[in-house]
Amino acid sequence: MRRQIPLLLTFLTGVAIIISFFIPHKPFNEVQDMLLDWTIIIAGFAMLLGIYSLLNKHITHIKRKDAGWGYSIILTSFFIGVFIVGIISAVRYKGYSLSPGSSLYYVYDYMVIPLSATMFSLLAFFIASAAYRAFRANKLNATLLLVAAVIVMLGRVPVVENAFFRFLTRFSDWFMFIPQMAAKRGIQIGVALGMFAMSLRIILGIERTYLQ
Amino acid sequence: MKERKGLIFGSVILIVVFIIMFIKGEPSKNIMVWIAAILTLSIYSFLYKDNVFYKFAEHLFVGVSVGYSVSVVWQNAFIRRVFDPLFITRTYIVDGKFSLYLFLAIVIPTLLGMLMVSIFTKKHGWLIRIPIAFVVGSYAGMGIAPSFQAYIFEQTQSTLYVTLSISSFIMIVGVITTLVYFFFSKEHKGFLGKTAGVGIWFIMVAFGASFGYTVMARISLLIGRMNFLLHDWLGVIK
Amino acid sequence: MRFWEKVMKLDRRWIFLLIALAVLIPFLKPLRLPLTVTKPARDVFDAIENIAPEGAPLLIATDYAPSTAPELDPMLYAMLRHCLSTKRRVMLLALYPQGAGMAQAGLDFILPEFPDAKSGVDYVFLGYQPGIQAIVMYLGEDVRLAFPTDAYGIPLDSLPMMKNIRNYDDIALIVDLAGSSITLTWVTYAVARYGEHLAAGVTAVSAAQYYPYLDTGQFVGMLGGLKGAAEYEKLIQEKGYTKAREIATIGMDAQSIAHLVILFLIIIGNVAFFASKSHKKKRSTAGS
Amino acid sequence: MNILLVFLFLIQQTPDSLPVDTAQVTEIVRPAPPTNVIAKDTPNDAGGSISVEWDISADDGKGLKNVNLYNVYKSKTEEGKFDYVGTVGAARTSYDDQSVEKDNKGYYYIVKAQTKEGVESEPSNISSGKSQAQWFHHGRWAYLILGVIFTLFFVLYIRMAKGKKLFIRKIAGLDAVEDAVGRSTEMGRPVLFVPGIGLLSDIATIAALTILGKVAKKTAEYETRVIMPNYDPLVMSAAQEVVKQSYTEAGRPDSFNEKDIFYLTQDQFGYAAGVDGIMLREKPGAIFLQGIFYAEALILAETGHSVGAIQIAGTDRVTQLPFFISACDYTLIGEEMFAASSYLSRDPIMMGSIKGEDASKLVLIIVIMVGTVLGILGGLHLGLFENWFSNLINWFARG
């Protein structure tokens, strides 16, 4: 029963969504939106487990004075602090906690955004180091990777304005539109079929690792 | 050893450049900008190696982002979708009449969500499978019908715009050979092997091209951060 | 030959250092790498240059969001500098809610350079109104239908600059800065219906799809991405309109250098790879 | 103030507020009305909507060129009072009236053209229509047909596969799982499993959980620690169960430590920063990057490489695959990742479903080939083929 009930539920919800895709008549038209709305509420409760896991881990660290327990204090206190700020902002701005001027807005603007943008910008460095390592003409496949990358990169920044670079710019555009797009489409169709098969296996209860 | 000295030397130069600019420029008077700048530099310090500053910024980042997202989830899931409709706006009362359908539409997901907490009990821990099964089932349904529309049909259709041209020929060959590469049930030998080989060439060329294409966008991100440090924070550049 | 083997296993932090310098140096000292101004960019410049000072205004629509701002902000800055320094009048408006923020930020950034410029006299900021297509149509009848007041709540009729401006007939040129297909709305309604002149500022990625509109003359000119913005900056610098920092030019310099650094690294990596391979071969043949 | 503006804006949109100066003696030039007005049920919906279509007025874009808008009016009776329902811009020829109160009841519509000055034309002809809810979305026949065919393939092959040994080609990344875990054990380092920033609702994340099950079995056998930082708490709960089960199956339920599978944060770059920190401090010997990744893919893969770990990546995000290919030792490309669960389980039923996948793929390849031939023949302007070709494309376009 501990297996059958969840598997049956998976089957029923899956089929309900598929049916609602084909039948626009009431009440089927509302099924999809309603079920997706429900998953948001469920995800909200799941967050409680996340918080428990996080606090449990770090409070244990602090209690045991493990290596780096000071950082656990930082993490926990910022978590609790920002959460309280968020709730206060939500109450003050009637649910729109991110309204300009709210405290949460400041936290977001001067902490979350710069930190995210900086992490994101690390890619400028990593894309260079990855290119250095990976683009070696040692095997045919790697050579193809290398040649295509070099052509497109040169096409992006015409260092000198002449006929050759103008051609290169247009060629690299073509390269993105045709051969690149071809492989991308092939992969994408494959992914869609793989997803289709996986979804079918899940709905039919063949694939059940996630319900261990 | 010599190499490490060189690296330290290089990093020191970078730091000195920033110090000179700090003296020459008009640093921002906004404390929040200072916090943002210090956090930015702390993250960058990780490029040299793991250190106190990065550890600090990292733990702060995780803490702040969890606090932020929990407060947003609190608002979106609990207040807006459960608490308000149940107790404040009472959406389940239509024209003064109680609608069981609308009432259950709020209560059922709430009960499903509460089952998540069953994990903390030894005996009823399996109940958590019910909400998990529900979520997975819904999206597996989505994975069949709508993704059919979005991927299989659209991609096939745009491949089908065939004209008498080399580009069109390359497109068709590329899509078909790539698909052949993903054949799993036959060994890739003989004709099938050769075709799949062409497929992997296409895949490699495509990956190389999109790698090269992305470089510009990634460098732009760094330019953006530099602009923040040099303009907003240090005020060296007007 | 041990040298090449070392290069092959280069500590990646050297690469990081090179990239950091490649982006930092153009900020400290703009290199102004050679940049040829392309015809679509020159056409935009000429079209604005042809607007009479203190006459019919230029309308700039800031229809973009922070995600495309790095490419489009420099265009807005350059155009504002161009107009304000030569007493050409500017109207700003946004068809996207976030676009209003971009225009306001642009004004906040540029206005300190022009202490004489007055709102309502030299420029007017109309803000944002919902209803993309309807707004573009209303501008063909009367600006006041869509924007009864400017962004700060002042009725248009009390603004000296707006007194004689009713619709497209009184606007010299429209520039649409956008990272989406909203440009096409301007083409369909303002250009096709009312015969207004339109120049476009678009992102590098979407530039390719807009070339046909240049060919048909529906755009009088176009700026594509950071490069287009850099070209425009070069033109206003040549005319001596501004001495301000050219952010797009710096950006293009940084891009070019960073790309060259990466290409150089790839070449060095391959040279090292082949050099050490041939060395190994030699050693192994000598050994046997 | 803003509310006032919006209000002003709204009332300007209704034609009532526009000055219709019929009382004055000044000459009024009325535009020609639109013609051929047809009202009918809006297809493929849940009812409550009627679509009105018309031909443009003779003065729209031609003639007097003064038409600016079209106003649509509705009435319950043919002769009765017509109420305003909506407006569209010139050159448009249809309007969906979503305000229909009752299905299966006739409503009457007229359309008037309007000039810049707010002068309306004479009414057009009257047309009536009923709204209805449909029991099938007629635009989606193609999806249903192809979906049923593909599903039949699956069912067929799964039935055929029972009790048989089926072949499945080598997938390099998956063969390396055992080596990677073994090497990690030799080095005395833990294994890091990163499920990416997908939610449990993403199919790719579920595929990742299947791979996790196999990885955990190996780590249980080798008695190596497996660490897993999570983005989605639901994934975390599911993963804990998966790993616990794997350890039980391997006969070492006591070595399972729930705290090694923990929640990190639900912020893309916060997650990247946290996982980077874990990589630097725990120095894993093997890293599995499996699931959905966006920009953080390369940040994680490069940091993982710098601590000297063997990396096996896999994702269905085409945009991030180039970076995994360049920075990781093995990469499962798109569909390979979904096939992984079947590959690893070696269960005939699973293998059968892979066969079904291949059969569907063959169908698509044949469709594309046929399309190409038709396209080429159509390109030579052979009328019949031209028609067939456009029908084929339309079938895929309309669905």
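Just the heavy atoms: all of them, side chains too, but no hydrogens, waters or symmetry mates, feed the values below. Letters go in sequence order (proteins before strands), and every chain restarts at 1. It should be emphasised that the depicted structure is a prediction, and the values quoted were computed from it without experimental measurement.
- A distance-only check finds a donor-acceptor pair linking the side chain of D:Arg140 to the backbone of A:Phe21 [under 3.5 Å].
- Side chains of A:Met195 and D:Glu335 form no contact here, defined as non-hydrogen atoms less than 4.5 Å apart.
- For the pair D:Asp267 and A:Ser116, the minimum side-chain heavy-atom distance is below 4.5 Å.
- Proximity to chain A is absent for every atom of D:Leu212, based on heavy atoms less than 4.5 angstrom apart.
- Contacts of A:Ile127 with chain D are made by both backbone and side-chain atoms, with heavy-atom separations under 4.5 Å.
- Of the atoms belonging to D:Phe323, it is side-chain heavy atoms, and not backbone ones, that fall under 4.5 Å from chain A.
- The minimum heavy-atom distance linking A:Arg133 with D:Ala327 is given by the pair NH1-O, 4.0 Å.
- No part of D:Glu296 comes within reach of chain A, as not one of its non-hydrogen atoms sits under 4.5 angstrom from that chain.
- Ring geometry, D:Phe154 versus A:Phe196: the interplanar angle falls from 30° to 60°, so the pair is classed tilted.
- In this structure, the side chain of A:Ser53 engages the main chain of D:Tyr263 through a donor-acceptor pair within 3.5 Å.
- The candidate with the highest count of non-hydrogen atom pairs below 4.5 Å against chain D, out of A:Thr60, A:Leu200, A:Leu122, A:Ile18, is A:Leu200.
- Taking the side chain as every heavy atom from C-beta outward, D:Gln134 and A:His25 never approach each other to under 4.5 Å.
- Using a 4.5 Å cut-off between heavy atoms, D:Ile349 contacts chain A through its side chain alone, with no backbone atom that close.
- A:Ser129 places a side-chain heavy atom less than 4.5 Å from the side chain of D:Glu302.
- Residues A:Met198 and D:Thr210 are in side-chain contact: their nearest non-hydrogen atoms beyond the backbone lie under 4.5 Å apart.
- Proximity of A:Phe126 to D:Thr303: side-chain heavy atoms (C-beta onward) are separated by under 4.5 Å at one or more points.
- Of the two parts of D:Ser342, only the side chain, counted from C-beta on, holds a non-hydrogen atom closer than 4.5 Å to a non-hydrogen atom of chain A.
- Top candidate by heavy-atom pairs under 4.5 Å with chain D, chosen from A:Ala117, A:Ala134, A:Pro24, is A:Pro24.
- No part of D:Ala339 comes within reach of chain A, as not one of its non-hydrogen atoms sits under 4.5 angstrom from that chain.
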